[in-house]
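Notes for the one structure printed next.
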Protein chains: 2
Amino acid sequence: MSSDAPGFELPLRLLLAFRMLIDELHAELARQGHPDLRPMHGFVMQAIGPRGTTAVELGRMLGVSKQAAGKTIDTLERVGYVERTTDSHDTRRKIARLTPYGMDALNRSARIFDDLRARWAHELGEERLQALEADLRKVTPDGLWRLDTPGWFGSL
Amino acid sequence: MSSDAPGFELPLRLLLAFRMLIDELHAELARQGHPDLRPMHGFVMQAIGPRGTTAVELGRMLGVSKQAAGKTIDTLERVGYVERTTDSHDTRRKIARLTPYGMDALNRSARIFDDLRARWAHELGEERLQALEADLRKVTPDGLWRLDTPGWFGSL
DNA sequence: CCATATAGTCAATCAGGTTGTCTATCATGT
DNA sequence: ACATGATAGACAACCTGATTGACTATATGG
């Protein structure tokens, strides 16, 4: 099948590779005290960043509505990764900030991703891995990381 | 950021590359008479294959419950990509088969993916692209393509 | 021939997303 | 100073896709 339709393999492998990294990340995170963290939480927390964000800003970054971003913040808040504070300069704004627990998850994620990358470097060779990263950079746009993957994938 | 956390970039680029391919596929499919096809439909139709499947089997292949698989078949049936027939040897089973319209979508998808791959080959060079594919093969498992991406990504 | 396993369906529930609406608060221009 | 318009957040209604649990119909095997 892949001989007569060589183009089919690429997207599958890309998705599979992504999933493997994410699944292994969360298996390891679970071992390190973050069993409730779901794939998209990591993305959202990174988007929130160390300085915090509002629902509107988060929605723009993630490419979803402010309501959806607000609901996601609700979830993260309920699980303890995020807390809401009010902006003293603009009482309308409620800034979502990472809690120490959230920062811990983010820091651990970064380390685990580095470890996973190192494993790939071991399997492929550092040179080949750098080439792979460079090539991916070449075919993907910079900036703009749309994270509306769940809804994007399904629908109709 | 990518200097102190080099491992963060890889998963993002993989996802982004996957999304680009899928988005361009569906933009082109829409131009070619399949405007209602959603990303996951292609995956499901490929899982159904030319010989057809039942909801239970499909659920196993996709890693979702038989009910979810049944609903997905309902959707595909409603849009005309799939039709249900009964198995004469086992009247419990209802086999979902691709309609000619569904086969057309699948064939066009294959051609479009080939074109997209050719574009990447043009941008990266055929050699580099083959190296990329080989490397992805090396770090991803064969067989077992779990396609439960929508639910997998979100949840909690 | 009955007991068990399997295929499919129905119903209730949940997560996440969307749009629309509403209120409170800021920011600006006259 | 104030009226106007823009923005932030919350609430409600609705859609899709997935889950579990319960139920029916049909095979299958002891």
Side-chain angles (χ1 to χ4, degrees), chain A residues 19 26 36-45 47-48 52-79 81-97 146-156, chain B residues 19 26 36-45 47-48 52-79 81-97 146-156:
Chain A
R19 276 202 64 161
H26 284 89
D36 292 335
L37 204 62
R38 307 303 292 121
M40 73 158 305
H41 296 163
F43 285 76
V44 174
M45 286 198 294
I48 291 174
T53 340
T54 67
V56 170
E57 285 168 7
L58 185 62
R60 281 203 197 123
M61 281 188 279
L62 268 50
V64 298
S65 65
K66 61 179 181 177
Q67 292 91 334
K71 282 190 195 179
T72 303
I73 293 176
D74 288 343
T75 304
L76 259 354
E77 191 178 24
R78 184 163 42 82
V79 202
Y81 287 105
V82 154
E83 60 190 355
R84 276 195 170 93
T85 61
T86 53
D87 186 342
S88 52
H89 297 296
D90 185 341
T91 58
R92 292 172 307 176
R93 306 180 73 211
K94 295 190 180 170
I95 303 173
R97 285 203 173 78
R146 289 183 60 88
L147 302 180
D148 56 342
T149 305
W152 160 78
F153 199 74
S155 29
L156 175 74
Chain B
R19 275 202 65 158
H26 284 89
D36 292 335
L37 204 63
R38 309 300 294 123
M40 72 157 306
H41 296 163
F43 285 78
V44 174
M45 288 197 292
I48 291 174
T53 341
T54 67
V56 169
E57 285 168 7
L58 185 62
R60 281 202 197 124
M61 282 188 279
L62 268 49
V64 298
S65 65
K66 62 179 182 177
Q67 292 92 332
K71 282 191 197 177
T72 303
I73 293 176
D74 288 344
T75 304
L76 258 354
E77 191 178 25
R78 185 163 43 80
V79 201
Y81 286 106
V82 154
E83 59 189 357
R84 277 195 171 94
T85 62
T86 53
D87 185 341
S88 52
H89 297 296
D90 185 341
T91 58
R92 292 173 305 176
R93 306 180 72 210
K94 296 189 180 171
I95 303 175
R97 285 203 172 77
R146 288 182 61 87
L147 301 179
D148 56 342
T149 306
W152 161 75
F153 199 73
S155 12
L156 173 73

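All values derive from a computational prediction rather than experimental measurement.
Looking at heavy-atom distances under 4.0 Å, A:Ala55 makes contact with sugar-phosphate atoms alone, never a base.
A donor-acceptor contact under 3.5 Å is formed by the side chain of B:Lys71 with the base of D:dA18.
One can place CZ of B:Arg38 at 14 Å from C1' of C:dT18, the figure rounded to the nearest angstrom. Atoms CZ (A:Arg93) and P (D:dA10) sit 13 Å apart, rounded to a whole Å. Taking atom CD1 on A:Ile95 and atom P on D:dT7, their separation rounds to 18 Å, with Å as the unit. In this structure, CG of B:Leu58 is placed 16 Å from C1' of C:dT9, rounded to the nearest angstrom. Rounded to a whole Å, the CG atom of A:Asp74 is 15 Å from the C1' atom of C:dC14. Atom CD1 in B:Ile73 sits roughly 12 Å away from atom P in D:dA18 (whole-Å rounding).
Taking the side chain of A:Gln67 as heavy atoms from C-beta on, and the options D:dA18, D:dG9, C:dG20, the nearest nucleotide is C:dG20. Side-chain atoms of B:Thr54 lie closest to C:dG8 of the nucleotides D:dA18, C:dG8, C:dC10. Minimum atom distance to the side chain of B:Ser65 is reached by D:dT20, of the listed D:dA10, D:dT20, C:dT18.
For A:Thr54, the side-chain contact (heavy atoms from CB on, under 4.5 Å) test picks out A:Val56, A:Glu57, A:Arg93, A:Ile95, with sequence neighbours left out. Applying the side chain to side chain donor-acceptor pair (under 3.5 Å) test to A:Glu77 and every residue at least two apart in sequence or in another chain returns A:Arg84.
In this structure, the side chains of A:Asp87 and A:Thr91 stay at 4.5 Å or more apart for every pair of heavy atoms.
Smallest separation of non-hydrogen atoms from B:Ala96 and B:Val82: CB-CG1, 3.9 Å.
The distance from atom OG1 of B:Thr75 to atom CZ of B:Arg38, rounded to the nearest 0.5 Å, is 12.0 Å. One distance of note links NE2 of A:His26 with CG of A:Asp36; it measures 11.0 Å at 0.5 Å rounding. The line from OH of B:Tyr81 to CG of B:Leu37 is 4.5 Å long, rounded to the nearest 0.5 Å.
Side-chain N/O atoms of A:Thr72 include one lying less than 4.0 angstrom from OP1 or OP2 on C:dG17.
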Contacts under 3.5 Å, N or O only, protein and nucleotides 22-29 of chain C:
unit_1 : atom_1 : unit_2  : atom_2 : d
C:dT25 : O3'    : A:Thr91 : OG1    : 2.9
C:dT25 : O2     : A:Arg92 : NH1    : 3.1
C:dC26 : OP1    : A:Thr91 : N      : 2.9
C:dC26 : OP1    : A:Thr91 : OG1    : 3.1

